[in-house]
Each structure stands twice: as structure tokens, then as C-alpha cells.
Amino acid sequence: MNVSRWAVALLMLSGATAAASLPQHDAQGLLVDGSGHTLYRYDVDAASGHSQCSGPCAAAWPPYLADADSKAAGDYQLATRADGSRQWVYRGSPLYLFAGDDKPGDRAGDGVNGNWHVVH
């Protein structure tokens, strides 16, 4: 297990995920976090615009949380999760990272169970 997987594992065990600023587009037009890690959407969220991923799901797919001072802008909104944290939403889809991605640019979560997709 490399350092990034250890960091994700520690975050999962502590029940915390790091809060982050507005997502960015990479050179291929995919949404990424500030460190270049791929962001995903979950088809099950589509009907509500709110996260349906919690507990074990959120351990594998950590929500991309917003900083306390983050503001909605353009295609980016904020949704409040059941625990009160705020998650970034892009064009109606809450955003997630994937614990199986080891380094920036990895896209191992794309297509998992037919419900998880990189965000273009």
C-alpha cells in the first residue's frame, strides 16, 4: 500500500475527509481536485442532486467536501450531507474521489458497477 492509500485509509478510519476548494479541469477536460486526483459522479445521485453514498460507500468513494468558506459559482453548487458537511456538486451531480486511485490522473473508478463515472 503506498502513501496515498495509507492517507485515505487513515481518513476513513477517522471518519473524516479533507475539505477542498473549487474543482478544476485537467488537460483532458476531466474534473480533478487541487492535487490532480480524478473526481467522479454516482448515477444513483442523479434524481435527487444529493449524495446517496454514505457509510461503507463513502469509505470507498470519499465525498469531495467543500471548505467552510466555499461559495457556489456557475456550474458548481454545494449540497449539505446528512452529517452536516458540505459537498461539491457539479451540474447537479455530487462529486467524489475514489479510494482505489493511487496518484493524480488515475481513473480506476471509472465504470465501477456501471454507476461511477469520471466527470467531463
Side-chain angles (χ1 to χ4, degrees):
M1 184 180 278
N2 69 24
V3 174
S4 65
R5 283 199 181 197
W6 278 110
V8 170
L10 287 173
L11 285 172
M12 289 187 294
L13 289 173
S14 71
T17 53
S21 59
L22 195 69
Q24 307 166 23
H25 288 278
D26 71 3
Q28 291 89 27
L30 302 178
L31 275 185
V32 296
D33 71 2
S35 299
H37 291 92
T38 303
L39 294 171
Y40 298 86
R41 65 178 174 80
Y42 183 37
D43 288 345
V44 176
D45 293 343
S48 69
H50 293 286
S51 177
Q52 304 299 309
C53 179
S54 60
C57 176
W61 300 92
Y64 188 58
L65 300 178
D67 291 326
D69 60 344
S70 296
K71 305 272 189 264
D75 289 331
Y76 300 95
Q77 297 83 39
L78 296 163
T80 302
R81 294 179 55 80
D83 65 3
S85 61
R86 297 184 319 148
Q87 182 175 5
W88 281 110
V89 175
Y90 179 71
R91 296 183 176 173
S93 294
L95 299 174
Y96 303 87
L97 296 160
F98 179 51
D101 285 347
D102 290 326
K103 63 187 178 308
D106 283 355
R107 294 184 269 175
D110 194 27
V112 169
N113 295 330
N115 291 315
W116 292 95
H117 309 282
V118 296
V119 182
H120 297 274

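Predicted model, so just to flag it, every value in this text is computed and none were measured. Throughout, numbering of the chain's residues begins at 1 and tracks the sequence.
Here S35 pairs with D33, H37 under the side-chain contact (heavy atoms from CB on, under 4.5 Å) rule; sequence neighbours left out. Qualifying side chain to side chain donor-acceptor pair (under 3.5 Å) partners for S48, counting only residues two or more places apart in sequence or in other chains: Q52. Residues satisfying the side-chain contact (heavy atoms from CB on, under 4.5 Å) test with A108, not counting sequence neighbours, are F98, D101. For D75, the side chain to side chain donor-acceptor pair (under 3.5 Å) partners are R91, not counting sequence neighbours. Listed by chain and residue number, S51, P63, L65, R81, P94, Y96 satisfy the side-chain contact (heavy atoms from CB on, under 4.5 Å) test with Q87 (two or more places apart in sequence, or in another chain).
Applying the disulfide (SG to SG under 2.5 Å) rule to pairs touching residues 62-120 yields nothing, sequence neighbours excluded. Residue pairs meeting the salt bridge (charged side-chain N to carboxylate O under 4.0 Å, His left out) criterion with at least one member in residues 36-54, sequence neighbours excluded: R41-D43. The disulfide (SG to SG under 2.5 Å) contacts involving residues 87-120 comprise nothing, where partners must be two or more places apart or lie in separate chains. Sequence neighbours left out, the pairs with a member in residues 57-120 that pass disulfide (SG to SG under 2.5 Å) are C53-C57. Counting only residues at least two apart or in different chains, disulfide (SG to SG under 2.5 Å) contacts with residues 90-120 are absent. Under the salt bridge (charged side-chain N to carboxylate O under 4.0 Å, His left out) criterion, the residue pairs touching residues 105-118 are K103-D106, with sequence neighbours excluded.
One hydrophobic cluster, built from ILVMFWY side chains closer than 4.5 Å, cannot hold both V89 and Y76; they sit in different ones. Cluster annotation: Y90 is not connected to V32 through the hydrophobic network of ILVMFWY side chains, with a link wherever side-chain heavy atoms come within less than 4.5 Å.
When all heavy atoms of A66 and L78 are compared, the closest pair comes out as CB-CD2, 3.3 Å.
Checked against the 6.0 Å centroid threshold, Y40 and W61 count as a close aromatic pair.
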